[in-house]
Amino acid sequence: MKYEPQKIEEKWQKKWEEEQTFKVNEDPQKKKYYLLEMFPYPSGKIHIGHVRNYTIGDVVARYKRMKGFNVLHPIGWDAFGMPAENAAIEHKIHPSKWTHENIDHMKKQLKRMGFSYDWDREVATCEPEYYRWEQLFFIWMYEKGLSYKKRSSVNFCTKCDTVLANEQVEGGLCWRCGTEVTEKVLDQWFFKITAYIEELLEYCDRLPGWPERVMTMQKNWIGKSYGCEVDFPMVGSEGAIKVFTTRQDTLFGATFMLVAAEHPLVMQLASGKPCEKDVRQFVEKVKKQDKLMRTSEYYEKEGLFLDSYCKNPLTGREMPIFAANFVLADYGTGCVMAVPTHDQRDFEFAKKFNLPLIVVIQPKDRELDAEKMTEAYVDEGVLVNSGQFNGMENTKVLEAIADFLESEGKGRRTIQYRLRDWGISRQRYWGAPIPMINCDKCGIVPVKEEDLPVVLPENVVFRPEGGSPLAALPEFVETTCPNCGGPAARETDTMDTFVESSWYFDRYCCPDHDVKPGLDRKALDYWMPVDQYIGGIEHAILHLLYARFYTKVLRDFGVIGVDEPFTNLLTQGMVCKETMKCKEHGYLFPEQAADGKCHICGQDVIIGKTEKMSKSLKNVIDPDYLVQNYGADTARIFCLFAAPPEKDLEWSNQGVDGSFRFLNRLWRIFDDYLEDIKAVPIALENVALEGDLKALRRKTHQTIRKVTTDIEDRFHFNTAISAVMELVNAIYAVKRPAADEKIALAVIREALEAAVLLLAPIVPHMTEELWQMLGHETSVADVAWPEFDPAIASEEAMTIVVQINGKLRSRMTVPVDEDAEKIKADALADEKIVALTKDARIVKVIYVPKKLVNIVVAS
RNA sequence: GCGAGAGUGGCGGAAUUGGCAGACGCACUGGACUUAGGAUCCAGCGGGCAACCGUAAGGGUUCAAAUCCCUUCUCUCGCACCA
């Protein structure tokens, strides 16, 4: 019988669905395991990255299930977002329709891959029953001061009448219409993630199951720095300019002051002075400068003297104050003390404006001369020109200067963070409405709980020029104030879609949307936290940080009982493929470039770099194509075999062939033996085996051991698969026993059954089929994971390597329980060793148990 | 610039705690079967005639280094004028 994946795959998928094989419920008797993969955005079709991500997750879910865990393995849709709205504008299809059609199609595709989801828990975040509770949590957050409205500057396109994300600004122009982007000050909603900043940071060191690099990225993103706030008194007026610095060791070298151009202080200082007009112009110019450009290293440093001075608090020196384009308004106090000798930016600025340089740190190996410096000295050294601190090492003087500033009342220790509050307002339609009402009399008033959800209206008009369709819909906007009953206007901003993805894993735990308040604490206590989370590295900061924050917020509301949502995180690599180009026709899809020729013009195809699969580079493999030509099982096993999960996977069509060939190879030998082994029970307990059969049985048990640890401890599916390949090769290597050689057939049956069970999480359809062919009646998904017998797995003889001075010189086979002294003696008596050591003096002999003997000789 | 990670045959990758480098697969070569083979099975496959040499390059620690340490180079990712 031939291996026909299409036939058997659809058969088993139907059966799993009918029998609800993967439906789960809370069961206090069983140990739970919550396996979660990042849910997809319903963009239209699943791509190979989804296949990889969900295959990895599926293997772990099925493996844990066979290990006896009560496994929660859900899926859903991150269904709000811009592409749906763009489709509405371009193709005149309602975002809701577009999204639901995509979900329907992708759902079919996922089912066709055979993933073991509990589909009863499926969630789509665009449903009012989902975002209803998010709106309630928003109101709770508002009441606690965790969500607030603030004026803040954003990228704005006047033609499209909308805010643009940083990513939507291309070279200072709007990505859609090409209009110059301006900064606009708008009232925006924020989540106060900074209220949890210390806890978020602290837990970075308490999540050992997360990859170090993700944690490092999060820590850097939070960006905690210890330093001092220092007061620089104004000259000729009251008050002082406050500055944040981490380099108080250079304070004596501060010779001028820089203020961010946007800082209100700038106009304040300039007002009434002759420079006022110029300053105003300068500020306007800087505000217009593109944010991306402005933060580029190569951007010209510009500044303007404000005709004002302040005083260095330690030296008393008068310092001119400048407005500068490169000072960040929203970090620290928006003002920086400039130390041109020890900061490159300040150095460049000082040279440009001919400002004084004072060296305050001298390197140990040479002497700096301020006159001759060509760049700032930023390394370690000893303080000079620094009063009582002279002679101290700059790295050690930080505390002393901080103490001094505090005792003199001229400054104080502070901590600064890079992380800003999370701006969640979007002037977009396809998102969860922010449940707030603006009343002229009462101000901002939350919608009453019993009036939730604020449902997104369907009958909106999408304007090709952009802008929020909600604001243009009077029946949505016009309402009454919940407080005073007077006329009021609804908030028309919607929430950032990252809000939905910050708690969808909670929703999966309790699919009943009608429980109040939204989530069932008992179910959450059983399932949460997520034991294993799997997804792309691209979410290392945003989604993972937001979800951690939101979990802490819900915890403080008593909704959930965990501090952190995800115990273990696996970040899988990207799927890449080489690009193919035709000189005339540009990038070609793989099917347009078969046999190395462009299918449009016949020219030779140019093979380009290996890049992440993307539509624009056309280096994509359609999962449907794989399913049709090879079946889901081949697609699954290839994704796992080609690379370990955390690394990028380079696509290889020949590799897919190889995987398909392996499945056929297993199928064939299984089919070949089927009739003979069907009747043979496994009863090898009291049978003494010899030779080939003994070796095969040993291999079987060794393979079980290896595959188990590879999956359990490391998620190294590629080596697990290669171990099974070795087992299958070993079965092929055994001489075909006759139909009446029952013991031999029993050994082979055991090996084949082991191969089937070990592969069951990886290629579930084929293994279900083979399992059934053997006469079993239960689903292979419900069979217990095989156990190995250490006695059978252990080798009776071991190969000991004999080295001379660490170089391989001979090998010997000895019984496993051989005495160490005997092994050493045997090694020295070995024919090759004797020949090589006869003229040398043996210094010592090292025996590494079960591995090698190293003979150290002196020549 | 700062931070993190990586660099092993023609290719993807193994080597789990410092202990036989190159498992497994792909590609390639040869053989068998065959009217035929792009199917299948079997064998070979880092370099070198060899002694030997080989894990980006150089140095070090060690009886022993792909693995640990130092220097350099290259690549990937993240942050990036954060004071």
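A note on names: the letters A, B, ... follow the listed sequences, proteins ahead of strands, and every chain is numbered from 1. Hydrogens, waters and symmetry mates play no part in the numbers below; they use all other heavy atoms, side chains included.
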Using a cutoff of under 3.5 Å, can you pull out all pairs of nitrogen or oxygen atoms linking the protein to nucleotides 22-26 of chain B, with atom names and distances?
residue, atom, partner, partner atom, Å
A23(B), O2', Glu726(A), OE2, 2.9
G25(B), OP1, Asn729(A), ND2, 3.2
C26(B), OP1, Arg661(A), NH1, 3.1

(Q) Between Arg714(A) and A15(B), is there a contact of a side-chain N or O with OP1 or OP2 at under 4.0 Å? (A)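 Arg714(A) to A15(B) OP1/OP2: side-chain N or O found under 4.0 Å.
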(Q) It should be established whether Arg668(A) places a side-chain nitrogen or oxygen under 4.0 Å from OP1 or OP2 of nucleotide C41(B). (A)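 Answer yes for this pair, as a side-chain N or O of Arg668(A) is under 4.0 Å from OP1 or OP2.
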Quick one: side chain to side chain donor-acceptor pair (under 3.5 Å) partners of [X], sequence neighbours excluded?
| X | value |
| --- | --- |
| Arg698(A) | Glu795(A), Glu796(A) |
| Tyr630(A) | Asp657(A) |
| Tyr226(A) | Lys224(A) |
| Glu818(A) | none |

Q.
Phe638(A): which residues meet the ring-ring contact (aromatic ring centres under 6.0 Å, His included) condition with it, sequence neighbours left out?
A.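 Checked Phe638(A) against ring-ring contact (aromatic ring centres under 6.0 Å, His included); matches are Trp651(A).
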Q. For Tyr63(A), what residues pass the ring-ring contact (aromatic ring centres under 6.0 Å, His included) criterion, not counting sequence neighbours?
A.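 Per chain and number, Tyr63(A) pairs via ring-ring contact (aromatic ring centres under 6.0 Å, His included) with Trp785(A).
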Ignoring hydrogens and angles, write down the donor-acceptor pairs under 3.5 Å from the side chains of residues 207-216 of chain A, residues two or more places apart or on other chains.
residue, atom, partner, partner atom, Å
Trp210(A), NE1, Phe566(A), O, 2.7
Thr216(A), OG1, Glu212(A), O, 2.8

Q. Is it true that a side-chain atom of Glu578(A) and a backbone atom of Ile607(A) form a donor plus acceptor pair closer than 3.5 Å?
A.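 A pair under 3.5 Å: no.
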Integer-rounded Å distance: [N] [atom2] and [X] [atom1]:
| X | N | atom1 | atom2 | value |
| --- | --- | --- | --- | --- |
| Arg247(A) | C82(B) | CZ | P | 12 Å |
| Asp648(A) | C77(B) | CG | P | 9 Å |
| Gln344(A) | C2(B) | CD | P | 13 Å |

Please state the [atom1] separation for the pair [N] and [M] - nearest whole angstrom.
| N | M | atom1 | result |
| --- | --- | --- | --- |
| A14(B) | G7(B) | P | 10 Å |
| G13(B) | C33(B) | P | 39 Å |
| C26(B) | C75(B) | P | 33 Å |
| C41(B) | U55(B) | C1' | 34 Å |

**Q.** Base-pair map of RNA chain B as dot-bracket, where | denotes pairing with a different strand and pairs are Watson-Crick or G-U under 3.5 Å
**A.** (((((((..(((......[....))).(((((.......))))).((....))..(((((..]....))))))))))))....
Q. Can you list every pair that meets salt bridge (charged side-chain N to carboxylate O under 4.0 Å, His left out) and has a residue in residues 322-338 of chain A, with sequence neighbours left out?
A.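 For residues 322-338 of chain A: none.
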Q) Between A83(B), C53(B), A4(B), which nucleotide has the shortest distance from any of its atoms to the side chain of Lys807(A)? A)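 Of the candidates, C53(B) comes closest.
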Q) Among G19(B), A83(B), G13(B), which nucleotide sits nearest the side chain of Asn854(A)? A)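 Of all the options, the side chain of Asn854(A) is nearest to G19(B).
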Q) Hey, is G46(B) sitting syn or anti, using the within-90° cutoff around 0? A)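 Here G46(B) takes the anti form, which means its glycosidic angle is more than 90° from 0.
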Q: Would you state whether a donor and an acceptor, one from the side chain of Lys647(A) and one from the base of U76(B), lie under 3.5 Å apart?
A: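 For Lys647(A), whose side chain was compared with the base of U76(B), there is no donor-acceptor pair (under 3.5 Å).
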Q: Name the residue closer to the 5' end of RNA chain B, choosing between Leu836(A) and Lys844(A) according to the nucleotide with the nearest heavy atom.
A: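 Looking at RNA chain B, the more 5' nearest nucleotide goes with Leu836(A).
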**Q.** RNA chain B: 5'-proximal contact among Arg213(A) and Lys851(A) (nearest heavy atom)
**A.**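 Mapping each residue to its closest nucleotide by heavy atoms, the 5'-most match is Arg213(A).
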(Q) Near RNA chain B, counting only heavy atoms under 4.0 Å, which residues of residues 414-422 of chain A show up? (A)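 Contacts with RNA chain B under 4.0 Å: Arg418(A).
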Below 3.5 Å between N/O atoms, which protein atoms pair up with nucleotides 65-75 of chain B? Just atom names and distances, please.
none

**Q.** Ion pair check, Asp231(A) and Lys410(A), cut-off under 4.0 Å
**A.**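 A salt bridge is absent here (no side-chain N lies under 4.0 Å from a carboxylate O).
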